[in-house]
Amino acid sequence: MRFHVQYRGIQNGIPCGEPFADWRLPMDVRTDIAGLLAGPTGLDPAAIRDLLETPPDSRMGDYAFPCFPLAKTMRKAPSAIAAALQDLIPAGVSWLDRTVAVGGYLNFYLDRPAFVRRQAEEARQAGDRFGASDEGRGRTIVVEFSSPNIAKPFHVGHAFSTALGQSLYRIHAHLGYHVVRMNHLGDYGTQFGKLISAYRRWGDEAALEAAPIAELLRIYVRFHEAAREDPALEDEARTLFRRLEDGAPEEIALWKRFRDLSLKEFGRVYDRLDVAFDNDNGESFYGPMIPAVVERLRERGLLEESEGAFVVRLDDLGLPPCIVLKSDGATIYASRDLAAAIWRKEQYDFDRNLYVVGNPQSLHFQQVFAVLEKAGYAWASTCRHVGFGLVRFPDRKLSTRSGDVVLLDDLLQECRAATREIIDRNAAERGMNWDNDLKDDLSERIGIGAVIYTFLKNSRDRDIVFSWDDMLDFDGETAPYVLYTYARARSILRKGEAAGVLPAWSDHPSAALAADDEMALARMLEGFPDMVRRAAESCEPYLLTRHVTAMARSFNKYYNNESILGAASPELVRARLCLVDAVSLSLRVGLHLLGISAVERM
RNA sequence: GAGUCCAUAGCUCAGGUGGAUAGAGCAACAGCCUUCUAAGCUGUGGGUCGGGGGUUCGAGUCCCUCUGGACUCGCCA
């Protein structure tokens with residue numbers, strides 16, 4: 001059960017994985033600048049590329065090389081180094097406009113039209129593969145996410161894991177990794193003994209068919225109420241679970257039925273989110289593999305009896321012992337995760353194994369990984385816990401037991417309804433004749449996008465304070481903002497196309513894209529691929545969310561400042577359409593990597 | 001008690017390996033729709049980056065310390 005208890009932040013800043021070593025220096029302007037500076041400074045081009053900064057104001061240049069680090073070795077003031085370096089930059093570099101030495105910086109002003117064209121064309125040629133690479137080719141990443149509990153409602157906490165995992169799946173796939181998506185269902189434990197007991201007493205067959213999880217939750221809650229009066233029920237539940245574990249056919253059949261019904265209901269949510277899994281082995285799947293794990297730990301002399309239980313000591317790592325077998329001989333959460341990790345390695349031979357599970361379980365995973373390491377599994381170091389914060393109300397936690405929760409279904413419903421309202425109003429104001437199917441489709445996708453966006457907006461370590469007001473506010477940094485921007489850009493391209501005006505570059509002087517707005521957009525395009533890579537390395541989709549949002553903001557400024565279709569010359573119109581094309585496809589790709597589906601109009 | 005994490009604008013958050021004047025969104029206020037979609041754009045106000053030390057050319061960023069908060073710590077999952 002991945003959502004037993006919840007608490008806030010640990011894990012901040014822990015990288016999910018170092019970049020693999022064979023990373024190539026990309027061909028881009030930073031590399032070009034590094035090439036110019038390599039000779040004069042005697043530094044490695046890759047190091048220079050890394051040092052390059054963007055000045056705080058575009059009037060100060062497009063790139064800055066800080067000379068401060070050279071001051072010690074060169075025994076000169078940074079400002080003097082900058083001036084000296086400037087003299088060594090050859091004249092007549094086509095992509096460079098000029099350089100200026102100011103303070104300790106050597107600032108580079110790019111040839112704007114060339115740069116804008118280069119960045120836009122790079123995106124347009126890549127299309128849906130913009131920002132993609134083959135750095136992950138031949139490598140497998142297992143990502144466990146979502147992991148709801150059978151017979152319990154799918155709430156916003158699971159939505160967080162689901163949104164994160166889905167995005168991490170897409171981002172890694174974009175970088176060429178083979179990604180295996182695991183849904184580690186909570187389908188095991190005494191709770192199922194309780195459910196079986198409760199169902200035999202109070203179960204309503206019709207209700208179970210109609211709304212399985214609601215019915216299972218109902219009888220589960222009722223069981224707890226009854227157990228307060230009659231503690232013997234708890235014993236009965238334990239006995240039933242033991243029968244289940246021992247393979248009693250009747251209990252197995254009921255358990256399987258609960259599982260199937262729950263899975264079917266989860267499936268509807270996953271379909272709406274466009275989420276799928278390669279494997280939904282739950283905790284129960286790994287139970288039978290535990291004896292072999294225990295045996296291995298015993299062979300290696302790691303298993304130690306303590307207070308009747310069998311544990312692996314982790315004192316040398318400053319961690320509490322990891323309990324592998326309870327004093328009654330039964331297995332425990334950690335033993336199942338040990339077995340699961342080993343099975344995944346054998347099955348998929350992963351290069352990296354990610355667990356998108358809430359922060360509360362940080363210690364649990366530290367222990368599990370440590371035990372794997374001690375047991376001689378060198379690949380333990382490739383396992384990472386990708387933690388995330390708690391979803392809570394401003395003043396209190398969500399509580400499934402008391403029904404004080406936000407179910408994902410309800411959240412999606414509200415967002416969809418709020419979206420629909422805006423669409424109806426806009427359509428009326430603009431005199432659009434959109435049919436109901438289109439409006440339904442749009443409100444569904446925009447509403448879902450809004451939900452996903454809120455989960456991927458900030459670093460995952462942060463708690464999410466749930467507020468309906470914020471949730472249904474579609475202004476500013478939200479999915480509707482980005483989607484709206486995309487729809488506007490697409491609208492321009494459609495109108496151009498309808499008028500026979502297609503994107504095209506021209507060498508005509510009037511077609512040069514050199515405005516601040518255009519430069520800003522080109523810089524956003526330039527930064528996109530690197531941001532995809534950073535998001536993957538840190539397992540932080542919000543980096544991409546922010547980048548995409550910033551790009552949308554830049555575009556909206558541009559849109560308001562300049563007329564694209566009404567530009568001064570036909571050549572300029574076409575050149576601007578190229579930029580619009582590049583930006584819109586980047587937005588679409590970025591949104592896709594976040595798990596959000598773009599809309600062509602709204 | 002031990003350990004982990006957090007503290008930046010009224011609110012929610014950004015500020016990769018220390019670098020130029022600490023940035024967005026929301027909220028507030030003032031503007032912009034006969035012109036490519038106003039779910040948009042522009043402007044204004046709002047900060048001793050929790051307090052105090054230290055490291056150095058330079059600290060929101062690194063170290064120490066204090067305060068305040070969240071969470072975890074062998075037989076639940």
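Chain letters run A, B, ... following the sequence lines, proteins first and then strands; every chain starts at 1.
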Worksheet item: Given the C1' atoms of rG23(B) and rU35(B), what is the spacing between them in whole Å?
Response: 33 Å
Discussion item. Does a side-chain N or O of Lys557(A) approach OP1 or OP2 of rU42(B) to a distance below 4.0 Å, or not?
Written reply: yes
Discussion item. One thing to verify: whether Arg59(A) and Asp57(A) come together as a salt bridge, which I'm taking to mean a side-chain N less than 4.0 angstrom from a carboxylate O.
Written reply: yes
Worksheet item: Would one find a side-chain N or O of Tyr542(A) under 4.0 angstrom from OP1 or OP2 of rG25(B)?
Response: no
Discussion item. Within the 4.0 Å heavy-atom criterion, would you say Arg576(A) contacts the bases, only the backbone, or no part of the nucleic acid?
Written reply: nothing
Practice prompt. Kindly indicate whether a cation-pi arrangement holds for Arg384(A) with Phe369(A), taking the cut-offs as under 6.0 Å to the six-membered ring centre and within 45° of the axis.
Written response: no
Item to complete: Could you let me know what rA39(B) is paired to, Watson-Crick or G-U wobble, both distances under 3.5 Å, or none if it's on its own?
Response: none
Fill in: Nearest-Å distance for atom pair CZ/C1', residues Phe68(A) and rG58(B)
8 Å
Worksheet item: If you measure from the C1' atom in rC33(B) to the same atom in rU37(B), how many Å do you get, rounded?
Response: 11 Å
Worksheet entry | Syn or anti conformation of rC33(B), syn meaning chi within 90° of 0 | syn
Worksheet entry | Same-atom distance (P) from rC41(B) to rG60(B), integer angstrom | 31 Å
Discussion item. Regarding Arg490(A) and Ser584(A), do their side chains bring together a donor and an acceptor under 3.5 Å, going by distance alone?
Written reply: no
Response to the item:
Arg462(A) atom CZ is separated from rG69(B) atom C1', nearest whole Å, by 13 Å
Response to the item:
Asn458(A) CG to rC11(B) C1', in whole Å, measures 13 Å
Worksheet, complete the sentence: Protein-proximity profile, nucleotides 32-38 of chain B, B/S/- by nucleotide at the 4.0 Å heavy-atom cutoff, equals ----BBS
Item to complete: Taking the side chain as every heavy atom from C-beta outward, state whether Tyr453(A) and Thr549(A) have any atom pair closer than 4.5 Å.
Response: yes
Worksheet item: Is any side-chain nitrogen or oxygen of Ser459(A) closer than 4.0 Å to OP1 or OP2 of rC13(B)?
Response: no
Worksheet item: Would Arg488(A) count as a cation-pi partner of Phe555(A), with NZ or CZ less than 6.0 Å from the six-membered ring centre and within 45° of the ring normal?
Response: no
Discussion item. Using the P atom as the point on both nucleotides, what is the distance between rG50(B) and rC11(B), in whole Å?
Written reply: 13 Å
Practice prompt. Inspect the contact between Arg534(A) and Glu537(A) and indicate whether a charged nitrogen and a carboxylate oxygen are less than 4.0 angstrom apart.
Written response: no
Discussion item. In whole Å, measure the gap between the P atoms of rA28(B) and rU21(B) for me.
Written reply: 33 Å
Item to complete: If the glycosidic angle is within 90 degrees of 0 it's syn, otherwise anti, so just tell me which one rG74(B) is.
Response: syn
Worksheet item: So, do His385(A) and Ser362(A) sit near enough that their side-chain heavy atoms are less than 4.5 Å apart?
Response: yes
Discussion item. Within the 4.0 Å heavy-atom criterion, would you say Asp517(A) contacts the bases, only the backbone, or no part of the nucleic acid?
Written reply: nothing
Item to complete: Determine the Euclidean distance between corresponding P atoms of rA22(B) and rG47(B); express it in Å to zero decimal places.
Response: 13 Å
Worksheet item: Given that both distances must come in under 3.5 Å, which nucleotide forms a Watson-Crick or G-U wobble pair with rC62(B)?
Response: rG54(B)
Discussion item. For Phe474(A) and Arg336(A), find the nucleotide of RNA chain B closest to each by heavy atoms; which residue's nucleotide sits nearer the 5' end?
Written reply: Phe474(A)
Worksheet item: Has the side chain of Asn556(A) got a donor or acceptor that lies under 3.5 Å from a partner of the other kind on the base of rA39(B)?
Response: no
Worksheet item: Just checking Leu325(A): base, sugar-phosphate only, or nothing, at a heavy-atom cut-off of under 4.0 Å?
Response: nothing
Worksheet item: Roughly how many Å is it from CG in Leu390(A) to P in rA70(B), rounded to a whole number?
Response: 13 Å
Discussion item. So Pro66(A), base contact, sugar-phosphate only, or nothing? Heavy-atom distance under 4.0 Å.
Written reply: nothing
Worksheet item: So, Tyr484(A) and Asn556(A): side-chain donor and acceptor under 3.5 Å apart, yes or no?
Response: no
Discussion item. Please tell me if Tyr481(A) has a side-chain N or O lying less than 4.0 Å from either OP1 or OP2 of rC41(B).
Written reply: yes
Discussion item. What is the distance, to the nearest angstrom, from the CD atom on Glu304(A) to the C1' atom on rC75(B)?
Written reply: 15 Å
Practice prompt. Between rC6(B) and rA14(B), how far apart are the P atoms? Round to whole Å, please.
Written response: 11 Å
Worksheet item: Is the cationic atom of Arg298(A) (NZ for Lys, CZ for Arg) positioned less than 6.0 Å from the six-membered ring centroid of Phe310(A) and within 45 degrees of its normal?
Response: yes
Item to complete: Could you check which of rA20(B), rA39(B), rG74(B) has an atom nearest any side-chain atom of Ser306(A)?
Response: rG74(B)
Worksheet entry | Watson-Crick or G-U wobble partner of rA9(B), both distances under 3.5 Å | none
Worksheet, complete the sentence: Sorted by position of nearest nucleotide on RNA chain B, 5' first, the leading residue of Cys322(A) and Glu477(A) is Glu477(A)
Worksheet item: Nearest-Å distance, CZ (Arg553(A)) to P (rA14(B))?
Response: 15 Å
Worksheet entry | Whole-Å distance separating the CG atom of Leu483(A) from the C1' atom of rA39(B) | 10 Å
Discussion item. With no hydrogens and no angle check, just 3.5 Å: does a side-chain donor-acceptor pair link Tyr355(A) and Gln361(A)?
Written reply: no
Practice prompt. If rU72(B) has a Watson-Crick or G-U wobble mate with both distances under 3.5 Å, name it; if not, just say none.
Written response: rA2(B)
Worksheet item: Which part of the nucleic acid does Ala330(A) contact within heavy-atom distance under 4.0 Å: base, sugar-phosphate only, or nothing?
Response: nothing
Worksheet, complete the sentence: Rounded to whole Å, CD1 of Ile323(A) lies from P of rC75(B) at a distance of 5 Å
Worksheet entry | Inter-nucleotide C1' distance (rC49(B), rC62(B)), Å rounded | 16 Å
